[in-house]
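To keep things clear, I will list the structure first and then write my remarks on it.
So you know, we letter chains A, B, ... as the sequences are listed, proteins then strands, and number each from 1. Only heavy atoms go into these numbers, but all of them, side chains included; no hydrogens, no water, no symmetry mates.
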Amino acid sequence: MNKDNTIGGDFAVQVYNSLTGTKEALKTLLPGEVSIYVCGMTVYDYCHLGHARVLVVFDSVVRYLRSVGAKVHYVRNITDIDDKIINRANENGETCSALAERFIAAMHEDEKALNVLPPDMEPQATMFIDDIIALIERLEKAGYAYKSRSGDVLYRVRHFEGYGQLSGRSIDELLVGARVELNVDKEDPLDFVLWKKSKPGEPQWASPWGSGRPGWHIECSAMSMKCLGESFDIHAGGMDLKFPHHENEIAQSEASTGRKFVNYWMHNGYLQIDSEKMSKSEGNFYTIREILDSDANILRIGEVIRFMILSSHYRSPLNFSKQSIDNAKASLTRLYLVLSRSGDVAMRKESSCDSRYSVLFNTAMADDFNTPEAIAVLFSLVREINRLLDNNLVNDARELCSELKYLANVLGLLSQEPIMFLKGLSAETSNNETATVEWIERLIEERATARMAGDWAKADRIRGDLLEQGILLEDDGNGQTSWRLEEVYTGE
RNA sequence: GGCGUCGUGGCAGAGUGGUUAUGCAGCGGCCUGCAAAGCCGUGGACGGCGGUUCGAUUCCGCCCGACGCCUCCA
């Protein structure tokens with residue numbers, strides 16, 4: 001490991017730091033270790049595709065950092081108490097904790113389908129109330145917090161010198177924005193809630209300021225510092241959290257500790273629908289499971305979504321459409337076809353960093369996690385493998401295949417059995433699937449007989465009929481026929 | 001009003017001061033009963049106007065266009 005605490009060895013990892021607006025070499029507090037906190041979900045509903053992007057992007061970041069030998073401490077929180085949760089629970093007539101529990105379980109299912117690994121820690125706000133209260137007390141002692149007339153405890157924004165450093169705006173500039181509501185309760189309109197006085201019937205915890213609950217931003221300060229220390233390396237989340245959430249986290253954390261809170265801030269771009277930001281308030285959003293349900297095989301469509309997300313750079317906007325899904329499907333099919341063509345190949349345990357492809361792959365990823373370029377490297381591997389196979393150099397091809405699988409795995413891709421992906425079969429085969437497979441195989445036999453007899457018309461009719469059902473037949477040179485899924489484009 | 005991001009070939013989407021991104025689609029060829037897959041070859045691009053430069057899609061300025069943030073949001 002380098003003495004200067006850079007990560008990545010020969011491929012010094014460069015990270016775009018939202019705080020400075022530039023790409024910087026990633027230098028961590030501890031040599032060879034990376035502490036990263038990602039703002040996770042507020043669990044009052046099913047995760048949408050924007051959440052999928054955060055999950056997949058930072059899962060890939062963590063996988064990559066680990067692949068270059070870093071010991072990563074990955075924390076992703078769950079906010080399980082806030083206004084939206086309380087409202088939704090009331091609407092449903094269930095308790096907040098029951099509601100939260102339900103959607104946490106659903107989120108874990110979604111993650112699985114997207115091949116997102118669990119973080120090392122997944123702290124929930126309601127389990128850190130003591131730490132939150134202690135943090136607010138520190139802020140109060142230092143003069144950064146005050147109790148308002150209404151009973152809420154607020155953060156005194158004017159007292160924190162660096163306020164606005166992340167969003168690149170001064171308090172006064174923010175005020176000119178004019179959409180800040182006037183509130184007699186606040187010393188300054190930008191002051192925000194640290195502790196909210198509870199209303200009857202709401203979840204509440206005892207505190208020095210009376211019973212209440214944490215405000216929105218404080219739990220991330222408390223939990224991240226509790227899990228990773230008062231200073232840590234990377235804090236990440238969606239672009240929309242930059243202001244005010246992350247700005248406020250900095251204010252809370254640095255005012256309480258007097259130390260630099262986070263060295264690198266990473267923000268992923270929005271997921272868009274028809275080139276507009278997808279958000280619940282706009283009503284133009286898809287849940288992850290909605291998309292997952294559009295395919296019989298949940299892992300297959302999950303990987304397609306993952307591929308689609310990684311095929312654009314994490315900071316760019318990502319436009320979701322039927323075509324982006326189809327593109328991802330076609331690309332993944334090409335990757336899986338070469339694996340299937342090579343037979344079953346075990347994944348290499350470690351990358352041979354000296355290989356041409358690994359060098360290109362790592363160079364791309366070290367440059368602020370350029371996954372589109374890394375994926376392009378995967379495809380040049382595919383071409384090479386196919387060339388080798390065309391020339392019957394099977395052993396060489398299989399060697400490269402195991403490298404392909406290794407590199408793809410760094411992106412969380414190609415972890416399924418090729419056949420399962422190509423045929424769209426799930427791991428625990430249903431009766432329905434078995435019946436379908438048998439039906440297809442019967443037709444293939446029937447066609448083989450026709451071909452043997454030279455009845456091309458019949459053979460082609462069977463093939464054409466199956467294709468209309470989305471089943472593509474492929475004959476190899478030895479009289480064997482295989483099949484795979486091929487969506488026929490019906491024009492929407 | 002303030003701040004910011006972006007504008008690449010038919011579509012998606014990287015990147016670069018002068019040389020092939022990549023995937024899908026197209027075209028020609030090999031292979032195939034015909035296909036499919038694969039391979040080989042190939043056409044096609046950098047919003048507009050100026051400037052810097054031997055040379056700009058890449059740097060600078062202006063303009064136009066799209067989007068976002070300043071309010072809950074990944």
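OP1 or OP2 of rG38(B) lies within a sub-4.0 Å distance of a side-chain N or O belonging to R334(A). Side-chain nitrogen and oxygen atoms of R383(A) include at least one within less than 4.0 Å of the OP1 or OP2 phosphate oxygen of rC40(B). R315(A) has no side-chain polar atom (N or O) that falls below the 4.0 Å cut-off from OP1 or OP2 of rC6(B). When the side-chain nitrogen and oxygen atoms of S321(A) are compared with OP1 and OP2 of rC11(B), none of them lie within a distance under 4.0 Å. Side-chain N/O atoms of N327(A) include none lying less than 4.0 angstrom from OP1 or OP2 on rC24(B). Residue R76(A) has no polar side-chain atom (N or O) positioned under 4.0 Å from OP1 or OP2 of rA74(B). Between K277(A) and the phosphate of rC69(B), there is a side-chain N or O to OP1/OP2 separation shorter than 4.0 Å.
Looking only at atom types and distance, the side chain of H159(A) has no donor-acceptor partner in the side chain of E187(A) under 3.5 Å away.
One can find a donor-acceptor pair under 3.5 Å joining the base of rA35(B) and the side-chain atoms of R463(A). Contact of H48(A) with rA74(B) (side chain to base): a donor-acceptor pair of N or O atoms is detected under 3.5 Å. The base of rG33(B) sits with one of its N or O atoms less than 3.5 Å from a complementary donor or acceptor on the side chain of R451(A).
The residue among E276(A) and F379(A) whose nearest nucleotide of RNA chain B is located toward the 5' end is F379(A). Along RNA chain B, the nucleotide closest to A330(A) and the one closest to S167(A) are compared, and the more 5′ of them pairs with S167(A).
Distances were taken from every side-chain heavy atom of H313(A) (C-beta onward) to each of rA14(B), rA37(B), rG33(B); the shortest belongs to rA14(B). In the set rA14(B), rG2(B), rC67(B), rA14(B) carries the atom at the smallest distance from any side-chain atom of P372(A). For D390(A), taking side-chain heavy atoms from C-beta onward, the closest of the listed nucleotides rG15(B), rC69(B), rG38(B) is rG38(B). For P244(A), taking side-chain heavy atoms from C-beta onward, the closest of the listed nucleotides rG13(B), rG15(B), rU71(B) is rU71(B). Minimum atom distance to the side chain of N370(A) is reached by rG15(B), of the listed rC40(B), rC69(B), rG15(B). Nearest to the side-chain atoms of D475(A) among the listed nucleotides rA12(B), rC34(B), rA14(B) stands rC34(B). When distances are taken from the side chain of R447(A) to each of rC39(B), rG33(B), rA74(B), the shortest belongs to rG33(B). Here the nucleotide nearest the side chain of Q272(A), chosen from rG2(B), rC67(B), rC39(B), is rC67(B). Taking every side-chain heavy atom of E474(A) into account, rA36(B) is the closest of rA36(B), rG38(B), rA74(B).
Rounded to whole Å, the distance from CG on D460(A) to P on rU32(B) is 17 Å. Rounding to whole angstrom units, CG of residue L174(A) and C1' of rG4(B) are separated by 13 Å. Separating the CD1 atom of I440(A) from the P atom of rA36(B) is a distance of 20 Å, rounded to the nearest angstrom. Atom-to-atom, CD1 of I309(A) to C1' of rA74(B) comes out at 11 Å; the value is rounded to the nearest Å. The NE2-P distance, from H245(A) to rU71(B), rounds to 16 Å in whole Å. Distance CD1 (I444(A)) to P (rA36(B)): 17 Å, rounded to an integer number of Å.
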field: Residues D368(A), Y314(A); criterion side-chain hydrogen bond (donor to acceptor under 3.5 Å, both in side chains); working and verdict
entry: CA-CA 9 Å; D368(A) 196 29; Y314(A) 77 90; 2.7 Å; yes
query: Under the salt bridge (charged side-chain N to carboxylate O under 4.0 Å, His left out) criterion, do D460(A) and R451(A) qualify, and how do the steps go?
result: CA-CA 9 Å; D460(A) 291 351; R451(A) 292 180 73 206; over 6 Å; no
message: S150(A) vs D185(A), test: side-chain hydrogen bond (donor to acceptor under 3.5 Å, both in side chains). Steps then yes/no.
response: CA-CA 7 Å; S150(A) 68; D185(A) 224 29; 2.4 Å; yes
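Side-chain N or O atoms of R76(A) include none that pairs as donor or acceptor with a backbone N or O of E122(A) at under 3.5 Å. Put simply, the side chain of Y155(A) gets close to the backbone of A251(A): a donor and an acceptor are under 3.5 Å apart.
Checked options L360(A), L378(A), L414(A), I375(A); the residue passing with L407(A) is L378(A) (criterion: side chain to side chain contact (heavy atoms under 4.5 Å, CB included)). The residue from T371(A), V57(A), N268(A) that alone fulfils the side chain to side chain contact (heavy atoms under 4.5 Å, CB included) condition with I309(A) is V57(A). The side-chain hydrogen bond (donor to acceptor under 3.5 Å, both in side chains) test with Y336(A) is passed by exactly one of E303(A), R484(A), R300(A), R341(A): E303(A). With R63(A) as the fixed residue, the side chain to side chain contact (heavy atoms under 4.5 Å, CB included) test singles out one of N409(A), L411(A), V116(A): N409(A).
Among the heavy atoms of the strands lying under 4.0 Å from K84(A) are primed sugar atoms or P, OP1, OP2 only; no base atom is included. Nucleic acid contact class of D240(A) (heavy atoms, under 4.0 Å, all strands): base. S311(A) comes within 4.0 angstrom of sugar-phosphate atoms only, judged by non-hydrogen atoms across all strands, and of no base. Within 4.0 Å (heavy atoms only), L389(A) reaches no atom of the nucleic acid at all. Across all strands, L55(A) comes closer than 4.0 Å to no nucleic acid atom at all (heavy-atom distances). Within the nucleic acid shown, G168(A) has no heavy atom closer than 4.0 Å to any nucleic acid atom. Base contact: R169(A) has a heavy atom under 4.0 Å from a base atom. At the heavy-atom level, L337(A) lies under 4.0 Å from the strands shown only through sugar-phosphate atoms. Residue contacts for G238(A): at a heavy-atom cut-off of 4.0 Å it reaches the sugar-phosphate backbone alone, with no base atom in range. Residue G477(A) is classed as having no contact, given no heavy-atom separation below 4.0 Å to the nucleic acid. At the heavy-atom level, M278(A) lies under 4.0 Å from base atoms of the strands shown.
When the P atom is used for both rC54(B) and rG44(B), the distance is 29 Å, rounded to whole Å. Rounded to a whole angstrom, the distance from the C1' atom of rG9(B) to that of rA14(B) is 14 Å. The gap from the C1' atom of rU42(B) to that of rA35(B) amounts to 23 Å, rounded to the nearest Å. Nucleotides rC27(B) and rU20(B), compared at atom P, are 24 Å apart to the nearest Å.
The aromatic ring centres of F232(A) and F261(A) sit less than 6.0 Å apart.
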field: Secondary structure of RNA chain B in dot-bracket form (Watson-Crick or G-U wobble, distances below 3.5 Å, | marking inter-strand pairs)
entry: (((((((..(((.....[...))).(((((.......)))))....(((((..]....))))))))))))....
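In this structure, Y270(A) does not count as stacked on the base of rA74(B) under the 5.5 Å centre distance and 30° plane angle limits.
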